[in-house]
> 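Structure provided below as structure tokens; questions to follow.
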Amino acid sequence: MNQVVSKYSIAGLQSAPPLLARIFPNQEWALIIVLLVECAIFSALGTNFLTAGNGFEIVRLSVEIGLLALALTPVIITGGIDLSVGSMMGLSAVVLGGLWHDAGWPLPFAVLAALLLGLTGGGLNALLIARLKLPPLIVTLGTFSLYRGLAEGLTRGLETYRGFPSEFLFLGQGYIGGIIPPQLFVLVLAIIGVWWLLHRSIHGRSLYAVGYSSEGAIFAGIPVGRRLTWVYVMSGFVASAAAVIYVAHLGQAKSDAGTGYELMAITAVVLGGTSIYGGRGTVLGTVLGLFAVVILQNGLRLSGQPAELAGILTGGLLLTTIIIDRYAHRRAANPLSKVTQSIVDEEFEVKNSQVAILSAVILTAALIVAGSNWALIRSLQLNAGSLPARSASGTAASPDEKSKLVIAVMPKAKGDPYFASCRQGAEEAATELGVELLWDGPTDLDPAKQNELVEAWITRGVDAIAVSVSNKEGISTVLRKAREKGIKVLTWDADAEKDARDFLVNQATPQGIGYTLTDEAARILSGSGEFAIITGSLSADNQNEWIRHIRARLAEKHPKLKLVGIQPSDDDRDRAFTEAQNIMKTKPNVKLIMGISAPAVPGAAEAVKQSGRKDVKVMGLSLPNLCKSYVHDGVIESVILWNTIDLGYLVVHASKAVKEGALKQGMTEMIAGRKGRVVVQNDEIILGAPFIFNKRNIDGFNF
Amino acid sequence: MPGSPLSTFNFARHQRELAALSAFAILLVLTGIVSPSFFDPANLRDLAVANAPVLIVAVGMTLVILAGQIDISVGSQFAVCSMLAGSLANTGIPVPLLVLLVPVAGGLLGALNGAFVAKLRMPSIVVTLAMMVVLRDALRWITEGAWVQGMPSGFQWFGAGQATGQVLIVIVALVVLFGIRWALNNLGAGRTVYAVGSDSEAARLAGVSPQQVVWVVFMLVGALTGLAALLNSVRFNSIPSNSGLGLELKAIAAVVVGGTAITGGRGSLIGTLIGTALLGTVGTALTYLGVNPFWEKAIQGGIILLALLSDILFSRMTSASIGLRREGAR
């Protein structure tokens, strides 16, 4: 509202602004159109998109990002930015978990301490930005590293605090009246609070003045430093409040909480029309921007589109809205030049181009979605004869209609060569069995994404879900919910809690992997010597579990083998290369480097190869294709893995068998296509022991 | 320090470079005392080779920041160019053509950014944020995580062998750095980057086209990122699809620690060199010092904040004598 008043008073207009501009001072109507288009497209393409249940799920998904976006709106209106909010979430989550679990504080006090920490962290930002007048972008870039680093350092990256009481978890996972998520109230309160602050208080008005011209604000008698301090402190506080909800939502507190959330929050704010230069923006815009992003993600999931499309379309949407914005506010960038009476006229001129651009973008987006959907259906028809797309009813398969089974399979991460090869096998099985395969997973390290995807699949009404679990306790809640709705749930690659799934497709237990790695290392080193491990990221659950079993096996069987160092590689081949170089130089007695993440093994091997040292060997857990050349060069002694294609293949076969009742508790084997008889032990389907690839056999495998 | 006129002048102009340099020196001395093998020529060589591509990207980033803009899409551009380098090499095109094509491709990506920023007057942080997400996700969608492998033998080290190849990479990085430094200081085009960054409106009144400068700068950062991606790719014989994650933050941090003002118009490439060296050495130095890797991120964040604080400290010490005051941060 402020914006309108200032603009029209500059122009010297006596009359009130037009109605549209009064309700939507910042072109928010454009976002409403985007939202409507999204809803129209997804209710046509998606399954069960337009239901009350899904509506509330969307709210639940948007709370954490929404809180951050609401806190960032005033920050950006003052012309600043806060990149540290996601990291602050990680630090708060860890402190909350640590105080409660390790220090034995009562949970309410731990929550209070986490919130205080948020105030302090925001206070540090505020001190540097408001008092010392340092640029916010760089200050918060520094604290972005600092807070995340402290969280990792405090927990050594591997601590995950679990087992929170159910009253606390209710805040993040429960339903009031069976349908309304409790977080809704927090979000609504926050929206009202920030709205009142920005649009109804003198305090808020002064923030616009600060953002519009910091110098002008000083001359107008506004205490700029105090206002800025307040804004950044609040941003830190809200970030830790978001962390508390996040912990309750996922049921775990870990140093990677909120990774990448700052960018999503900034996207929502900017999409909502808040100018990144400051001085302009509304809470209504931020809320609309938030829902535009979240509904896009949710809708794509429900219509079975790949997760990557969400990023691409969000980026496109962002660019388009800013273009519209630029045209609408051409003069705002240069307020003193030609602000004359023609504002209203130009406003009308602009609208045509806005509508044109908007329609163009929506059309393109729709085309992309429709095109890829068409391609998907076509490929399915080509593969499995002509079958109509799944009907929209979605719930339990109607007996008379011979519709395809829908089996949803989730890897831990997309874009990982390991899971790409699993997918090959899964698609082979899906074609063979004539089922529809939905293959989707997180594209980044955010542990909350798996939950969101399962929620979407429940809403969509798939027949079976098979998950490679990256966060045991967190995902079990939603998996239980899926089972309650009659969906068969399997886990593969890594297990959830036992009561949250029907069967586990077990390629190898963490113990089996750890022991095989250790025994193979002992064989290469002939029983004694030093070795070092290069792991993925320091906070990866499964890798830390393998390391635990490796240590146990060392103590038990190979006392002369010494593990002298563990270095992280962040699943980045180049970083693994550097770490291997460092290990060789700082620990010259290390004769074996063990990589336990797929890119780490070739990275370490290249480092050993380039160093020219023949006495250092490399081994580990990786894909044969990535390591072949090094195995033949003699740098890599052996690669340990199971047949990943068979794993994906077996998952789809087992899912179908469980769904159709062909596989039940108590059976001792099942038949799985070309794999033939497969052993079943209790509730585990056994793929077979880990396999050791070496010079002699590696050429026989292609994955 | 505000004693003799000469020292006042030097400190005022190069305060932050000196601060970064002293931090770097402290780090080196400390590591050298605890673990003298850090100065092993092989280690220094490995450090130089590993950081040369980062340095090239940071040089491009310096230009963008000097011109008052920012580019957070360089990491994604790096990944796209890396995959492109590998795929092109696999089609069997000759190496010289490859050396030409990859930076050109990077330049095109940069030109796209530049068009949005310069022609459509959109804020660079938003444009490149969108570009970062779009490029990264598109690449992930297309490759599905597959690596580019099986490059011809002439690809690794440009077929020149490991020893020559390593020297070549470092030399190219330094030539880029000093070439652009010379251009920035001595060519009219170089001076316009500073002019646009310190006051775009004044530059326009002086006859410079700020849009053109900004566009060219974005194109340059793209081309340099392409070059860096190529040089990094030839260090290995395979190319992962997720390279360059977090590269934008590394480059921005190096530039800022090196004393370039994020508001534009002030800074030097020598500072960027020192900043890259400092931040690129910390990780390895910590391993030599035996510090737990868990603390690395926290220490890097601390370095950025300390660099900023040192700026203030120096400003306070010198501002009285030369009558300069920092502009209020927006």
Side-chain angles (χ1 to χ4, degrees), chain A residues 79 128-129 132-139 141-146 148-150 152-153 156-157 214 263 266-267 270 276-278 306 308 311-312 314-316 318-319 322-323 326 333 414-417 419-420 443 538 567-568 572-574 578 581-582 585-586 599 602 606 610 625-626 629, chain B residues 35 37 40 42-43 46 50 116 120-123 125-127 129-131 133-134 136-138 140-141 143-147 149 162 232 236-238 240-243 245 249 252-253 256 262-263 283-284 287-288 292-302 304-305 308 312 326 328-330:
Chain A
L128 294 168
I129 294 165
L132 300 177
K133 302 209 169 25
L134 290 168
L137 183 68
I138 301 305
V139 168
L141 178 68
T143 49
F144 160 85
S145 284
L146 183 68
R148 180 76 63 197
L150 286 177
E152 284 179 0
R156 330 234 102 204
S214 163
L263 290 186
I266 292 171
T267 305
V270 174
I276 199 86
Y277 298 128
E308 291 89 344
I312 298 173
T314 310
L318 193 55
L319 290 179
I322 307 284
I323 292 177
R326 282 282 101 169
K414 282 178 103 177
D416 180 329
F419 288 108
T443 55
L538 288 170
Q567 293 289 335
D572 177 2
R573 195 268 321 262
D574 298 7
T578 306
Q581 282 184 331
N582 291 343
K585 280 175 280 187
T586 52
E606 184 68 30
Q610 288 186 18
N625 272 356
L626 298 182
S629 63
Chain B
S35 168
S37 61
D40 193 53
N43 186 42
D46 289 343
F116 278 117
L120 297 174
R121 311 283 180 97
M122 294 160 68
I125 188 165
V126 179
V127 169
L129 171 68
M131 198 59 86
V133 180
V134 168
R136 183 68 72 185
D137 271 347
R140 208 176 263 136
W141 199 15
T143 62
E144 292 189 345
W147 291 21
Q149 285 184 300
Q162 186 178 331
N232 192 54
F236 306 95
N237 69 352
S238 60
S241 53
N242 68 343
S243 46
L245 275 176
L249 295 183
I252 294 171
V256 171
I262 197 74
T263 41
T284 300
T287 314
Y288 274 86
N292 206 315
F294 303 117
W295 294 103
E296 191 181 323
K297 225 175 259 171
I299 292 174
Q300 280 182 341
I304 297 175
L305 293 181
L308 286 173
I312 296 215
R326 279 185 54 79
R330 269 184 68 86

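Below, chain A is the first sequence line, B the second, and so on; all start at residue 1.
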> Is B:Val256 in contact with chain A via its backbone, its side chain, both, or neither, using a 4.5 Å heavy-atom distance?
side chain
> Given heavy-atom pairs under 4.5 angstrom as the criterion, report whether the side chain, backbone, both or neither of A:Ile276 touches chain B.
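Side chain only.
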> Of all of B:Ile304, B:Thr287, B:Leu120, which one pairs up most often with chain A through heavy atoms under 4.5 Å apart?
B:Thr287
> For A:Phe144, which atoms come within 4.5 Å of any heavy atom of chain B: side chain, backbone, both, or neither?
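Contact with chain B: side chain only.
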> Just how far is it from atom CG of A:Asn582 to atom CG of B:Asp46, taken to the nearest 0.5 Å?
8.5 Å
> Run A:Ile138 and B:Leu308 through side-chain contact (heavy atoms from CB on, under 4.5 Å) and show every step you take.
CA-CA 8 Å; A:Ile138 301 305; B:Leu308 286 173; 3.6 Å; yes
> Considering only heavy atoms and a distance below 4.5 Å, find which of B:Phe236, B:Trp147, B:Phe116 pairs most often with chain A.
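Greatest number of close heavy-atom pairs with chain A: B:Phe236.
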> Might you point out which heavy atoms bring B:Ala42 and A:Lys585 nearest each other, and give the distance in Å?
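B:Ala42 and A:Lys585 have their closest heavy atoms at O-NZ, 4.2 Å.
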> Using a cut-off of under 4.5 Å on heavy-atom pairs, state which of B:Asn242, B:Ile262, B:Asp40, B:Thr143 scores highest against chain A.
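Top count of heavy-atom pairs under 4.5 Å with chain A: B:Ile262.
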> Any idea which heavy atoms bring A:Tyr277 and B:Pro123 closest together, and the distance?
OH-CA, 3.4 Å
> What part of A:Glu606 gets closer than 4.5 Å to chain B, counting heavy atoms only: side chain, backbone, both or neither?
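Just the side chain, heavy atoms under 4.5 Å.
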> Using the salt bridge (Lys or Arg N to Asp or Glu O under 4.0 Å) criterion, which residues pair with B:Lys297? Sequence neighbours excluded.
A:Glu152
> Given that the side chain runs from C-beta out, which part of A:Ser629 has a heavy atom under 4.5 Å from chain B: side chain, backbone, both or neither?
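Contact with chain B: side chain only.
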> How close do A:Leu318 and B:Ala130 get, heavy atom to heavy atom, and via which atoms?
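Here A:Leu318 and B:Ala130 meet closest at CD2-CB, 4.0 Å.
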> At a heavy-atom separation under 4.5 Å, does A:Leu137 approach chain B through its side chain, its backbone, both, or neither?
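The side chain, not the backbone.
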> Spell out, as yes or no, whether a donor-acceptor pair under 3.5 Å connects the side chain of B:Gln162 to the backbone of A:Gln610.
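It does hold such a pair.
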> How close do B:Glu144 and A:Ala420 get, heavy atom to heavy atom, and via which atoms?
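Looking at all heavy atoms of both residues, the closest pair is O-CB, 3.3 Å.
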> Tell me, side chain or backbone of A:Leu128 under 4.5 Å from chain B's heavy atoms, or both, or neither?
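Only the side chain of A:Leu128 comes within 4.5 Å of chain B.
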> Relative to chain A, which of B:Ala146, B:Gly302, B:Ala138 shows the most heavy atom pairs under 4.5 Å?
B:Ala138
> Go through A:Pro599, A:Gly315, A:Gly142, A:Pro602 and name the one with the most non-hydrogen pairs under 4.5 angstrom from chain B.
A:Gly142
> Under 4.5 Å, counting heavy-atom pairs only, tell me which of A:Val270, A:Ile266, A:Thr578, A:Asp574 racks up the most with chain B.
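Looking at each option in turn, the highest pair count goes to A:Asp574.
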> Kindly give the heavy-atom pair with the smallest separation between A:Gly149 and B:Trp295, and that separation in Å.
O-CE3, 4.5 Å
> With a 4.5 angstrom heavy-atom cut-off, could you sort out which part of B:Asn232 is near chain A: side chain, backbone, both or neither?
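Just its side chain gets close to chain A.
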> For A:Glu308, which of B:Val133, B:Asp137, B:Val134 qualifies under side chain to side chain contact (heavy atoms under 4.5 Å, CB included)?
B:Asp137
> Looking at every non-hydrogen atom in both residues, tell me the closest pair between A:Leu626 and B:Gln149 and how far apart they are.
CA-NE2, 3.3 Å
> Mind checking the CD-CD spacing from A:Gln567 to B:Glu296? Nearest 0.5 Å is all I need.
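Here the interatomic distance stands at 8.5 Å.
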> Select one option (side chain, backbone, both, neither) describing which atoms of A:Val139 are under 4.5 Å from chain B's heavy atoms.
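For A:Val139, backbone and side chain are both near chain B.
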> Tell me which of these, B:Leu305, B:Ile125, B:Ile252, has more heavy-atom pairs under 4.5 Å with chain A than the rest.
B:Leu305
> Would you say the side-chain atoms of B:Arg136 pair up with the backbone N or O of A:Gly311, donor to acceptor, closer than 3.5 Å?
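Checked: no pair found.
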> If you round to the nearest 0.5 Å, how far is OG1 of A:Thr267 from CG of B:Leu129?
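Reported to 0.5 Å precision, the distance equals 4.5 Å.
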